[in-house]
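Below is one structure; the comments refer to it alone.
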Amino acid sequence: VQYKGMAPGAKLLDLQVLDASGSGSTSDVIEALDWVVDHKDTYHIRVINLSLGHPVFESYKTDPLCQAIETCVNNGIVVVVAAGNYGKGRAGEVYGGITSPANDPAAITVGAVDTWGTGSPQDDTVATYSSRGPTPIDGLLKPDIVAPGNKVVSCSNPNGSLYINYPANRVYANPAGQTASYFTMSGTSMAAPVVAGAVAMMLEANPNLTPNMVKAILGYTAGRMRQPNLLEQGHGELKAVGAVRLA
């Protein structure tokens, strides 16, 4: 079995800001974002995916990480951020779990959808763990959009900590093979790059789109889900084909 991503023709730059356990410093993320702004013309960088975040400690207006996001957007770069995985607590649904920098209005904040393994959107639901709005402190409506993020199959790294510690998540292209070609994970960190890939295809269709235009098109073409409210789904579920056509 072979898997293909959202924008298989896109060129990727990988800036490492987290360690093998998935932890890191906010300063390292800001430094990476500053690097992107400085080198955006050299490498033709149009979209950033941030599958990371930390709790909201202050308003987005003064948060240094959010300020770095806004600098990227003001320089013409679309920034896609995972909403966080704090939508479920011991007592049930949790609201106000959006993390930073997903709480910034300039970011395209993405929640996770469970497709239940079918190709039809009719049974899609917002994943229980997907962070709901409003944003802490500022009380903004987030996420902006939701996309498939549950049990997503993607590339594996045989030397990575996740690959080594979670063998049940390995997906083999060849059942007889000893090394898994893919790995499955769930979370808004998986949903965000689905949207980032859609953005890449939109910018391929129309390179003149600004970050605000991209965000508006994604929201306009999204499919409103019946059950979840706006604090769970935002504009609704990503409709990539419609977004690219409108772009």
Side-chain angles (χ1 to χ4, degrees), residues 1-8 10 47 49 51 78 80-89 91-98 102 107-134 140-155 168-169 171 173 182-206 213-247:
V1 178
Q2 299 294 322
Y3 296 88
K4 185 175 292 187
M6 285 293 293
V47 56
N49 180 80
S51 289
V78 180
V80 180
V81 185
N85 302 319
Y86 301 99
K88 186 177 182 180
E93 297 178 349
V94 174
Y95 287 84
I98 302 294
I108 298 176
T109 302
V110 184
V113 166
D114 189 343
T115 65
W116 299 99
T118 72
S120 170
Q122 299 302 317
D123 61 350
D124 290 359
T125 57
V126 174
T128 56
Y129 53 76
S130 184
S131 285
R132 299 171 174 83
L140 303 179
L141 181 60
K142 288 279 187 173
D144 297 299
I145 197 169
V146 291
N150 211 59
K151 297 182 179 179
V152 173
V153 177
S154 188
C155 301
N169 289 48
V171 178
Y182 306 100
F183 199 82
T184 181
M185 293 181 66
S186 298
T188 58
S189 287
M190 280 69 252
V194 173
V195 174
V199 171
M201 293 189 292
M202 292 169 65
L203 292 171
E204 179 183 32
N206 185 353
M213 292 169 68
V214 168
K215 190 173 186 178
I217 290 173
L218 287 172
Y220 182 78
T221 57
R224 184 63 56 84
M225 304 174 76
R226 295 180 181 178
Q227 187 173 358
N229 59 44
L230 295 179
L231 295 176
E232 294 175 286
Q233 66 170 313
H235 290 287
E237 187 173 8
L238 169 72
K239 300 298 181 186
V241 173
V244 173
R245 286 177 175 171
L246 185 54

Residue pair [X] / [Y]: nearest heavy atoms and the distance that separates them:
X      : Y      : answer
Gly133 : Ile98  : CA-CG1, 3.9 Å
Ala191 : Ala147 : CB-O, 3.4 Å
Val113 : Met225 : CG2-SD, 4.3 Å
Ile217 : Ala247 : CD1-CA, 4.0 Å
Ala7   : Gly197 : CB-O, 3.6 Å
Ala102 : Ala83  : CB-CA, 4.0 Å

Does any non-hydrogen side-chain atom of [Y] lie less than 4.5 Å from one of [X]?
X      : Y      : answer
Leu218 : His235 : no
Val146 : Leu238 : no
Val110 : Pro143 : no

When you measure from the side chain of [X] to the backbone of [Y], do you find a donor-acceptor pair of N or O atoms at a distance under 3.5 Å?
X      : Y      : result
Asn150 : Ser186 : no
Lys142 : Gly96  : no
Asn85  : Thr188 : yes
Tyr3   : Ser154 : no

With rounding to the nearest 0.5 angstrom, report the [atom1] to [atom2] distance, [X] to [Y].
X      : Y      : atom1 : atom2 : result
Met202 : Arg245 : CE    : CZ    : 14.0 Å
Asp123 : Thr118 : CG    : OG1   : 3.5 Å
Asp114 : Ser130 : CG    : OG    : 11.0 Å
Asn229 : Leu141 : CG    : CG    : 9.0 Å

Which residue pairs satisfy the salt bridge (charged side-chain N to carboxylate O under 4.0 Å, His left out) criterion with at least one member in residues 221-240, sequence neighbours excluded? Arg132-Glu232

Which residues pass the side chain to side chain contact (heavy atoms under 4.5 Å, CB included) test with Tyr86, not counting sequence neighbours? Thr99, Ser131

Member of Ile145, Val214, Asn49, Thr109 meeting the side chain to side chain contact (heavy atoms under 4.5 Å, CB included) criterion with Val195: Ile145

By side-chain hydrogen bond (donor to acceptor under 3.5 Å, both in side chains) - contacts of Glu204 (at least two apart): none

